[in-house]
Q: 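Structure in structure tokens, see below.
Sequence positions, counted from 1, serve as the residue numbers for this chain. This one's a predicted model, so the numbers in the text were calculated from it and none came from an experiment.
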Amino acid sequence: MTTDSQLDLLSPVPDLGYARFLLADLHDDLHGKVARFRQLSDLSASLGSNGAMLTGGETTWAAWTEARTSFIHGNFVATVLLSQGLAEHMLASYLALGVNAEILPDRIGFQETLKRCLARNIISETDAADLRRLMSLRNPLSHYRSVDDPASLTRRVIDEQLGADEHLRRDATFAIAMAVRLLSLPAFRIGD
């Protein structure tokens, strides 16, 4: 059995110390967090009056809620990764639903999902192009790219002389806007 004194031996920081760290973290960039929350709220006005249907079960729900929270708190890499995952799960799961359900492979690639969604008019060509852009933002964050690769964050910073934080903020803003746009499509809107 572990006693309180034994727990103190494992960590030099008492609970009150952790609470101070948490409060400091919550306070950092408070204005930015409020601005991003407001931005997300404004974007979400395009959702149906009763919200949106999140096909894809628990994975889609978790991706959506975590993407929103990540964006608000300035976790921009996570926002991009989660938004793209949300798109993949929502679109593929939508294809597998309903009267016109398609039998999908156990693992369907995103390009194939986009092709099938275009064929069924679930998304437009513009949506597909922007979803490919989202994928192109996510891939170099998920998979190693050398500094010579034009998609590498480091290469973008060097080429454009703009800080990594600004690139990531812009990428995340695009990603979360794309996620909301996807949820606002007629296939997913609920209500007016």
Q: Please step through side chain to side chain contact (heavy atoms under 4.5 Å, CB included) for the pair Asp171 and Arg156, ending with a clear verdict.
A: CA-CA 12 Å; Asp171 295 348; Arg156 291 169 57 203; 2.9 Å; yes
Q: Could you list the donor-acceptor pairs under 3.5 angstrom formed between side-chain atoms of residues 47-56 and any protein atom two or more places apart in sequence or on another chain?
A:
residue : atom : partner : partner atom : Å
Ser49   : OG   : Asp192  : N            : 3.1
Thr55   : OG1  : Met90   : O            : 2.9
Thr55   : OG1  : Ser93   : OG           : 2.8

Q: Taking salt bridge (Lys or Arg N to Asp or Glu O under 4.0 Å) as the test, write out the residues that go with Arg145, two or more places apart.
A: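 Arg145: salt bridge (Lys or Arg N to Asp or Glu O under 4.0 Å) contacts with Asp149.
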Q: Under the side-chain hydrogen bond (donor to acceptor under 3.5 Å, both in side chains) rule, collect the residues that match up with Ser124, sequence neighbours excluded.
A: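 By the side-chain hydrogen bond (donor to acceptor under 3.5 Å, both in side chains) rule, Ser124 matches Asp127.
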Q: Answer with yes or no whether the hydrophobic clustering places Leu162 together with Leu137; edges join I, L, V, M, F, W, Y residues whose side-chain heavy atoms lie under 4.5 Å apart.
A: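 Different hydrophobic clusters.
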Q: Over all heavy atoms of both residues, which pair between Gly163 and Val157 is shortest? Give the atoms and the distance, please.
A: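 Heavy atoms of Gly163 and Val157 come nearest at C-CG2, 4.0 Å.
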Q: Roughly how far, to the nearest 0.5 Å, is the CZ atom of Phe37 from the NE2 atom of His73?
A: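 Atom-to-atom, His73:NE2 and Phe37:CZ are 9.5 Å apart.
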Q: Got a sec: does the CZ of Phe174 have more than 12 other heavy atoms crowding it under 6.0 Å?
A: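 Enclosed.
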Q: Going by the rule salt bridge (Lys or Arg N to Asp or Glu O under 4.0 Å), which residues pair with Arg68 if we only count those two or more places apart in sequence or in a different chain?
A: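 Checked Arg68 against salt bridge (Lys or Arg N to Asp or Glu O under 4.0 Å); zero matches.
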Q: I would like to know whether Thr79 and Arg36 meet side chain to side chain contact (heavy atoms under 4.5 Å, CB included); could you show each step before the answer?
A: CA-CA 12 Å; Thr79 303; Arg36 288 187 295 274; over 6 Å; no
Q: Are Ile190 and Leu86 connected into the same hydrophobic cluster when the rule is that any two of I, L, V, M, F, W, Y join if their side-chain heavy atoms are below 4.5 Å apart?
A: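 Yes, because Leu86 and Ile190 connect within a single hydrophobic cluster, where side-chain heavy atoms sit under 4.5 Å apart.
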Q: CG/Leu40 to CD1/Ile176 distance, rounded to the nearest 0.5 angstrom?
A: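 That separation rounds to 5.5 Å.
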Q: List the atom of Phe71, the atom of Phe76, and the distance in Å for their closest heavy-atom pair.
A: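 Here Phe71 and Phe76 meet closest at O-CE2, 3.9 Å.
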Q: Dump the intermediate steps for side chain to side chain contact (heavy atoms under 4.5 Å, CB included) on Leu91 and Leu95, then the final yes or no.
A: CA-CA 6 Å; Leu91 292 173; Leu95 289 170; 5.8 Å; no
Q: For Arg169 and Asp165: C-alpha separation, side-chain torsions, deciding distance, then whether side chain to side chain contact (heavy atoms under 4.5 Å, CB included) applies.
A: CA-CA 6 Å; Arg169 185 190 62 76; Asp165 290 343; over 6 Å; no
Q: Honestly curious: do Val80 and Val180 fall in one hydrophobic cluster under the side-chain, below-4.5 Å linking rule?
A: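 Yes, Val80 connects to Val180 through the hydrophobic network.
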Q: Find the distance between CD (Glu88) and CD (Gln84) and round it off to the nearest 0.5 Å.
A: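 Glu88 atom CD to Gln84 atom CD measures 4.5 Å (nearest 0.5 Å).
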Q: Residues in salt bridge (Lys or Arg N to Asp or Glu O under 4.0 Å) with Arg133, at least two apart?
A: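 Testing Arg133 for salt bridge (Lys or Arg N to Asp or Glu O under 4.0 Å), a comparison that skips the adjacent residues, returns none.
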Q: Check for me, please, whether Leu82 and Leu134 land in the same ILVMFWY cluster - side-chain distances under 4.5 Å, paths through other members count.
A: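 No; tracing contacts between hydrophobic side chains, which count when under 4.5 Å, never links both residues.
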Q: Might you confirm whether atom CZ of Arg38 has over 12 heavy atoms from other residues, nucleotides or ligands at distances under 6.0 Å?
A: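 Incorrect, the count does not exceed 12.
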Q: Can you check whether Leu43's main-chain N or O pairs, donor with acceptor, with Ser46's side chain at less than 3.5 Å?
A: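 Yes: the side chain of Ser46 pairs with the backbone of Leu43.
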Q: Which atom pair, heavy atoms only, marks the closest approach of Ala128 to Leu118?
A: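 Taking Ala128 first and Leu118 second, the nearest heavy atoms are CB-CD1, 3.8 Å.
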Q: So how far is it from Cys117 SG to Glu112 CD, rounded to the nearest 0.5 Å?
A: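 Spacing of SG (Cys117) from CD (Glu112) equals 10.0 Å.
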Q: How long is the gap from CG on Leu131 to CD on Gln111, to the nearest 0.5 Å?
A: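 Leu131 atom CG to Gln111 atom CD measures 10.0 Å (nearest 0.5 Å).
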Q: Just verifying a value: how many Å separate Asp130 CG and Arg181 CZ, rounded to the nearest 0.5 Å?
A: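 Between atom CG of Asp130 and atom CZ of Arg181 there are 4.0 Å.
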Q: Between Ser146 and Ser152, what is the shortest heavy-atom contact and its length?
A: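 For Ser146 versus Ser152, the nearest heavy atoms are O-CB, 3.3 Å.
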Q: Looking at Arg155 and Asp159, is there a salt bridge between them, counting it only when a charged N and a carboxylate O are closer than 4.0 Å?
A: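 Yes, this pair counts.
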Q: Inspect the surroundings of CD in Glu160 and state if more than 12 heavy atoms from other residues, nucleotides or ligands are less than 6.0 Å away.
A: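 Buried by this count: over 12 neighbours within 6.0 Å.
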Q: Indicate the atoms forming the closest heavy-atom contact of Arg138 with Leu81, along with that distance.
A: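 Looking at all heavy atoms of both residues, the closest pair is CG-CD2, 3.4 Å.
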Q: To which residues is Val147 joined in a hydrophobic cluster, defined by side-chain heavy-atom contacts under 4.5 Å among Ile, Leu, Val, Met, Phe, Trp and Tyr, whether direct or through other members?
A: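 Its cluster partners, ordered by chain and number, are Ile158.
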Q: Is atom NE2 of His143 surrounded by more than 12 heavy atoms (other residues, nucleotides or ligands) closer than 6.0 Å?
A: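 Check passes, neighbour count above 12.
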Q: Shared ILVMFWY cluster between Phe110 and Met178, side chains joined below 4.5 angstrom?
A: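 The answer is yes; both residues are in one hydrophobic cluster.
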Q: Should we say atom CG of Asp28 is surrounded by more than 12 heavy atoms from elsewhere, each under 6.0 Å from it?
A: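 Atom CG in Asp28 is packed in, count exceeds 12.
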